[in-house]
J.: 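Sharing a structure below in structure tokens format, with a few things to ask.
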Amino acid sequence: MKRLRRMRRNIKYFFPILLKVNPFSIVFILLSALIKAGFGIATVYLPKLIIENLMLDPKPDFMAVFIIAIIYCLIFGFTYVSTKILDMINTYYAFKADEKIEAMFNEKVVTIDYFNIEDPTFADDIAFARQSLWAYSGGIYSFVRTVRSIIESILTMISIIGVIIFSGLPWYITLIFIMIVILYAIFGYIIQTKREDIYEEHNKSIVRTSRKQWYYNSSVFNFRMHKLLRSYNSKPLLDKYSDGINKEVNDKNIELTKKYSKASLGYFSNYYFVGVLLVVLVLVFSYFKFGITIATLTALYAAVRNLSNQLYDAVFTMVSYDRDCIYQENYINFMEKESIFKNGTIKLESIKTIEFKNVSFKYPRTENYVLQDLSFKINDKERVSLVGVNGSGKTTIIKLMCRFYDVDSGEILINGVNIKDYDYDSYMKQLAVVFQDFKVISFTIKDNIMIDEENHEKLYDCLERAQVLDKVLSFPNKENTYINRWFDPNGVEFSGGELQKFAFARALYKDASFVVLDEPTSALDVISEDKIYSDFNEIVGEKTCLYISHRLSSCLFCDKIIVLEGSKIIETGTHYELMKLDGHYAKMFKAQAKYYND
């Protein structure tokens, strides 16, 4: 029952996708199965007619043999050509369905709750879900192959059983043949299940190992890593890890080959002893006992072997499909994983205030709290700076604001309403973030900034405010210039500071009501940084802004400074209030300032 439920769930999930891509898919599958089943009957019956005509007394009917041979060749040619065409059509639409499934998978990965992404076990789940669908089970084509194969086997078996029954042999000989076929199928089921179990055990055991192998080996081909590899002679270190993991993968593959080879011995024993020897013995007995003709004997052998193969193929297909369903269940489970952050219904038009109210938080699978009983409020159009040493919780606050994680206790209020009550997408539209570890994609400048909409006037304005417009306009392709040369030999390798300006421009282009800047000038030169600071109000405009920087001179233009230490807020106020307080912030500021004063 469990297997049937699993198969039913698989069909319920994938079949509508296939029908959506091509509503006539099932028609093509049925046609292919019918033609192949018809050819299976022809391979049993036509050779019998040829032998009978060759053995006519007093002389063979060569004309009849010639005509039958021509018919056989025509049937073979028609079957070959038509099934190839239908298989190509079925494969084409299976690939189209796979494209849709791939798009669905990618969309799921980029929209799933973020806290999963930083969990290494979830990274294994993603890798295994992907490998389960394509590498281990053949994607949706396994469903197409299964349906076609089962229909073909059933039609062929019904026809061939009829041939055996009307062959003129006693009923108990027919029953023996059918029992041999069933016995052959049972042994085949046991052996094939064993082989599939070996594969499944291997594939599960190698998920994380394969992911490590991919990372270590791909690092060699990641050109951005080569500065590190060459300047620090890191290749021996990388070789140490990659050689070790490659050996581990190879050892596992060798172990798989040994186990699979042992299981395959049973397959060959079953084929030759049950599938061939027993059939031949019964046919020889029937030949001498009942005086059947050579033509009938040949036809019966072909019929029984064909029946055995069809039943075995049906069993093999069902076992394989059941295994495919087990693998593909990982994909379906992943795709049906529900979000805990996207249950809100209130549409958010603008962020006026953000308030942390007695918030405590620790990362999953850890014991220590990063934030404890944290309370603060950011008012409309206020410029607020978060200050603290590394590990004090500044970036964690941003992650909570971005709904990457949920708080363990307390609540975050947006305009006085719990953040969980808002529609996730409408909330995220009101939030623009430049992360400390900002990323740009190896696409064009335009594509990196105009993610949601195309407005070239707005694009140029944001590039100008980010102080990079002149640089962009100096290129022949302007904003259509590719960032780096991964995909375009005419792309440009930008400096870290220039890339950070693109990230800044991207945040401005989003035109959100709340802007978060996490070390937004860390890669900029001194002059560019000074220009950003002096023009900050003009650049950001009438927006609420949260600012994080270790360069405390940036706090001078902020309305409020929140000082963090040891997971708690220890000071709050303006720059001048905190300097007057002569506390932790003042010490940090003076420690930086003395290098400039000296």
Side-chain angles (χ1 to χ4, degrees), residues 106 109-110 117 214-239 241-242 395 398 432-510 515-533 535-536 539 548-551 554:
N106 292 339
V109 171
V110 299
I117 303 299
W214 172 85
Y215 177 79
Y216 296 146
N217 293 340
S218 64
S219 295
V220 176
F221 297 99
N222 185 347
F223 300 148
R224 295 177 183 177
M225 293 282 289
H226 276 234
K227 291 179 182 177
L228 171 66
L229 293 175
R230 295 163 191 262
S231 59
Y232 285 92
N233 192 26
S234 302
K235 187 177 180 298
L237 176 64
L238 197 61
D239 287 345
Y241 283 98
S242 61
T395 299
I398 294 177
V433 186
V434 178
F435 294 101
Q436 182 177 4
D437 56 342
F438 67 91
K439 303 295 181 194
V440 292
I441 310 170
S442 298
F443 296 161
T444 65
I445 297 170
K446 177 185 70 176
D447 291 334
N448 270 275
I449 297 172
M450 295 194 303
I451 294 176
D452 291 330
E453 60 172 343
E454 286 203 17
N455 184 326
H456 285 79
E457 184 178 344
K458 183 179 176 182
L459 171 66
Y460 281 14
D461 174 63
C462 293
L463 289 171
E464 185 173 19
R465 283 193 281 161
Q467 302 174 21
V468 74
L469 178 61
D470 291 341
K471 180 78 171 180
V472 172
L473 295 179
S474 69
F475 302 125
N477 293 325
K478 297 181 172 54
E479 69 270 18
N480 293 309
T481 301
Y482 272 81
I483 294 176
N484 69 49
R485 298 186 179 91
W486 279 94
F487 302 119
D488 187 347
N490 297 317
V492 176
E493 296 288 345
F494 292 98
S495 68
E498 289 166 338
L499 293 175
Q500 191 165 41
K501 289 178 181 180
F502 290 142
F504 195 27
R506 178 168 55 203
L508 297 174
Y509 189 89
K510 191 175 183 182
V515 179
V516 179
L517 305 173
D518 188 357
E519 297 286 356
T521 62
S522 59
L524 299 185
D525 59 77
V526 177
I527 295 175
S528 295
E529 182 182 36
D530 180 67
K531 178 71 172 170
I532 291 284
Y533 288 162
D535 296 343
F536 189 79
I539 292 171
I548 296 176
S549 178
H550 288 291
R551 301 177 186 179
S554 62

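Excluded from the calculations below are hydrogen atoms, water molecules and symmetry mates; all remaining heavy atoms, backbone and side chain alike, are included. Note that the structure is a prediction, hence the values are computed from the model and not measured.
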J.: Nearest 0.5 angstrom please: E464 CD to L508 CG, how far?
T.: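 With rounding to 0.5 Å, CD (E464) is 12.0 Å from CG (L508).
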J.: How many angstroms lie between atom CD1 of I483 and atom CG of N448, to the nearest 0.5 angstrom?
T.: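 It comes to 4.0 Å.
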J.: For D447 and I441: C-alpha separation, side-chain torsions, deciding distance, then whether side-chain contact (heavy atoms from CB on, under 4.5 Å) applies.
T.: CA-CA 8 Å; D447 291 334; I441 310 170; over 6 Å; no
J.: With sequence neighbours excluded, tell me which residues meet side-chain contact (heavy atoms from CB on, under 4.5 Å) with Y482.
T.: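 Listed in chain order: T444, F487, D488.
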J.: Do I445 and F494 have side chains that get closer than 4.5 Å, going by heavy atoms?
T.: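 Contact flag for I445/F494 side chains = yes.
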J.: What are the two closest heavy atoms between V434 and A507, and how far apart are they?
T.: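 Heavy atoms of V434 and A507 come nearest at CG2-CB, 3.5 Å.
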J.: Answer whether the closest heavy-atom distance between the side chains of K478 and K446 falls below 4.5 Å.
T.: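 When only atoms from C-beta onward are counted, K446 and K478 do not touch, as no gap falls below 4.5 Å.
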J.: Could you work out, with side-chain contact (heavy atoms from CB on, under 4.5 Å) as the rule, every residue matching T395, not counting sequence neighbours?
T.: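 Once residues adjacent in sequence are excluded, the partners of T395 under the side-chain contact (heavy atoms from CB on, under 4.5 Å) criterion are K399, Q436, D518.
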J.: Using the rule given for side-chain contact (heavy atoms from CB on, under 4.5 Å), can you reason through M450 versus E479, listing the C-alpha separation, both sets of side-chain angles and the distance that settles it, and then say yes or no?
T.: CA-CA 10 Å; M450 295 194 303; E479 69 270 18; 5.8 Å; no
J.: How long is the span from the CZ atom in F475 to the CG atom in N480, to the nearest 0.5 Å?
T.: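 Reported to 0.5 Å precision, the distance equals 12.5 Å.
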J.: Measure the CZ-OG1 distance between F443 and T481 for me, rounded to the nearest 0.5 Å.
T.: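 So the CZ of F443 and the OG1 of T481 are separated by 15.5 Å.
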J.: Between atom CG of L499 and atom CD of E493, what is the distance when rounded to the nearest 0.5 Å?
T.: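 Nearest 0.5 Å value for the CG-CD distance: 9.0 Å.
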J.: Of all heavy-atom pairs between L463 and A505, which one has the smallest distance, and what is that distance?
T.: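 Minimum heavy-atom contact is CD2-CB, 4.1 Å.
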J.: I need the S495 OG to Q500 CD distance, nearest 0.5 Å.
T.: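 Output value for this atom pair is 9.5 Å.
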J.: Between the side chain of Y509 and the main-chain N/O of N455, is any donor-acceptor distance below 3.5 Å?
T.: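 Answer holds: yes.
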J.: Looking only at heavy atoms, which two atoms of S442 and N484 are closest? And how far apart?
T.: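 The pair with the smallest heavy-atom distance is OG-ND2, 3.0 Å.
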